[in-house]
Amino acid sequence: MLKQIDYTYKDRVWCGKINEKYINKVVKLYGWVHRFRDMGGITFIDLRDRTGVVQVVLPKELKIEKLSLEDVLEVIGIVKERPAENVNPNIATGNFEVIAKEFKILSKSEPLPFMINDDYKDIRDLKIDESLRLRYRYLDLRRLQMFRNMFFRHKLIKYIRDFMDNEDFLEIETPLLAKPTPEGARDFLVPSRLQLGKFYALPQSPQLFKQILMVSGIDRYFQIAKCLRDEDLRADRQPEFTQVDIEMSFISKNDIFLLVENLLEFALNNLGIDINTPFEVIDYKYAIEHFNSDKPDLRYNYPIKKWNNSIKINLNDENFNINQTYYIFFKNLGLTRKELDKLNEFLKQNNLKFLYFISSNGEFKGSLVKFVDVNEVDSYLRKENDFANGDYIVFIISSKNYLNELVLIKNYLIDNKLLRPVKDFYFLWVDNFPLFKVEEEKVGDKIIRKISPEHHPFTNVLEEDKPKVYMIYKELQKDPKIIYDDNFVKEVLSIRSLAYDLVLNGVEVASGSIRITDIEFQKIIFNIIGITEEEANKKFGFLLEAFKYGVPPHGGIALGIDRIIALLLGYSSIREVIAFPKTQSGTCLLTKAPSEVDEIQLKELGIKLMEVN
Ligand code: ASP
């Protein structure tokens with residue numbers, strides 16, 4: 001039999017949980033002084049714990065020492081209903097107050113570096129410098145909104161674990177002291193003291209171990225995994241972040257889609273967020289062609305459309321290709337005069353060649369107007385689109401940069417809240433990613449071209465594109481210089497993989513693939529991406545060896561949990577949903593990591609520091 005935990009402080013009641021059931025009852029409260037005021041000898045304290053705030057009344061006869069904000073108190077008192085004129089509708093306990101009978105200051109607080117009793121406002125509007133918040137993160141985390149963020153995170157992860165357990169997945173911890181993983185970023189290295197001169201790499205992902213677990217017959221694995229990547233921190237990246245890492249055997253891509261959809265639906269519904277499944281699936285190529293992005297935000301579903309060739313644009317301008325005219329059709333845009341004028345201004349400032357019109361009054365405008373037959377354009381739009389009465393607006397741009405330009409206009413409309421999102425959370429699968437990318441690097445005065453995996457080297461190819469892989473392999477064997485032939489590069493880039501991304505509101509929140517399990521094919525991929533057999537054996541030999549002993553077909557995915565939580569809670573920064581995040585330069589302002597180490601420690605590791613520039 002389990003014994004009841006009394007948490008030492010028996011009979012404690014959470015501050016934020018005081019309600020009518022406690023009226024006239026004695027309660028014991030612990031918390032921090034959120035606010036206080038003295039009214040002719042009677043002190044009113046807003047006492048706060050992680051659940052909220054309750055008003056404590058200290059009668060005159062209770063002698064108190066000097067009180068400060070954020071002192072830690074113990075209060076024993078009786079719960080009363082507040083007189084009607086004193087009810088505070090802003091807080092959950094606003095109908096009640098606790099008349100103190102006993103009162104103790106358990107710990108004093110020094111004057112605060114910033115106020116934390118301003119939490120009726122949103123932390124998104126805080127005027128405090130973020131570095132100060134991070135420096136005193138323990139104070140910042142006392143904010144109820146920050147607590148709610150941590151609580152949401154905790155619950156989301158709990159529901160994920162519940163769901164995965166129910167689906168027969170095992171959570172297995174993979175090592176932190178590991179060999180480099182294949183995600184393509186820079187590794188954080190850890191020197192080995194017992195084997196001087198050797199290094200572990202902190203995992204960029206559990207990729208290789210999770211594949212080994214499939215060979216081990218675990219069949220269904222997941223892990224709430226910390227991943228570490230030593231990248232130059234672009235906006236809103238963290239050197240360490242958390243993924244829900246998943247791998248499954250004997251499955252197809254669709255099983256992964258279904259699993260993730262069910263997982264998110266289960267976890268989010270439990271958190272009171274409604275999402276619709278299944279998620280839409282769009283092709284990578286379609287996404288690029290119509291949204292100029294591999295992570296389109298379909299809350300604003302305005303694809304780029306190609307203009308019918310037969311429409312004549314009599315434009316004698318080298319920058320324009322008359323055969324390539326593109327447009328976006330914005331239905332129900334309904335701009336006011338003022339909004340329209342501002343938009344015109346924006347178009348002019350950005351030097352965009354454009355044409356728009358509004359059907360309700362048939363108005364044509366834009367720098368291209370005089371070059372087209374407007375009646376022809378009008379009838380074309382009515383024929384090809386759901387173009388009817390009301391406020392409709394169409395942009396037509398014809399230039400080499402049409403994708404960027406059209407997206408620029410769309411983003412202008414989104415940023416200025418002129419387009420309405422169709423829903424709060426738009427999940428979308430982007431499928432059939434290219435297997436390879438071709439990168440150029442300047443070495444001396446030469447440009448070197450290199451083929452690398454778009455996802456990682458263990459990603460399998462779409463079956464029907466497999467012959468192309470053999471073909472480019474052979475061509476490269478014959479003449480490696482063929483990489484400088486643009487047609488060859490086109491062919492390389494056209495090979496589709498079995499990799500997919502999950503996108504939420506235009507942000508990539510998960511990615512994964514079906515893996516290669518054919519060792520010979522894997523060797524060909526290594527060869528194409530310029531990893532020699534020797535290198536492959538050194539780096540990934542253990543995986544290739546394991547594959548010799550019976551490898552099941554398998555695949556997986558990893559979901560970026562920090563980003564998902566931030567998006568669901570409406571933060572533009574993932575730092576708001578991470579307890580102890582680092583700054584852009586990778587510093588923990590609270591602990592001051594990274595820091596110098598003792599000479600002795602370095603000596604033990606055989607490390608001598610030198611200047612680098
Ligand atoms: N390891 C991959 C990543 O972290 C995800 C996967 O392929 O499952 O992006």
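As the structure is a prediction and not an experimental result, all values here were calculated from the model. Start at 1 and go down the list; that is how both ligands and their atoms are numbered. We count residues from 1, following the sequence as given.
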Is there a donor in the side chain of [X] and an acceptor in the side chain of [Y], or the other way round, less than 3.5 Å apart?
X      : Y      : result
Lys210 : Thr174 : no
Arg153 : Thr242 : yes
Ser252 : Asn254 : no

Task: Arg124 to Tyr571, cation-pi by 6.0 Å centre distance and 45° axis angle - done: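 That pair qualifies as a cation-pi contact.
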Open item on the list: If you measure every N or O of His455 against every N or O of ligand 1, does any of those distances drop under 3.5 Å?
Closed with: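 Yes: some nitrogen or oxygen of His455 is under 3.5 Å from one in ligand 1.
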TODO: Report yes if Asp245 has an N/O atom closer than 3.5 Å to an N/O atom of ligand 1; otherwise report no.
DONE: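 N/O-N/O distance under 3.5 Å: no.
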Open item on the list: Among all protein heavy atoms in this structure, tell me which lies nearest to atom 2 (C) of ligand 1, with the distance rounded to 0.1 Å.
Closed with: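 Going atom by atom, the protein heavy atom closest to atom 2 (C) of ligand 1 ends up being Glu183 OE2, 3.4 Å.
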Numbered atoms and elements of ligand 1 in range of [X], under 4.0 angstrom, heavy atoms:
X      : value
Gln243 : 4 (O)
Ser511 : 5 (C), 6 (C), 8 (O), 9 (O)
Ser205 : 1 (N), 4 (O)
Arg229 : 3 (C), 4 (O)
Ile557 : 8 (O)
Lys210 : 6 (C), 8 (O)

Task: Note: Arg220-Glu167 ion pair, threshold 4.0 Å (strictly below) - done: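 No salt bridge links Arg220 with Glu167.
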Task: Carboxylate-amine/guanidinium proximity below 4.0 Å for Arg575 and Glu130 - done: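 Salt bridge between Arg575 and Glu130, a charged N being under 4.0 Å from a carboxylate O: yes.
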Open item on the list: Looking at ligand 1, would His456 count as a contact under a 4.0 Å heavy-atom criterion?
Closed with: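 His456: in contact with ligand 1 (<4.0 Å).
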Open item on the list: For the backbone of His456 and the side chain of Thr459, can you confirm whether one donor and one acceptor N or O come within less than 3.5 Å of each other?
Closed with: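 Answer holds: yes.
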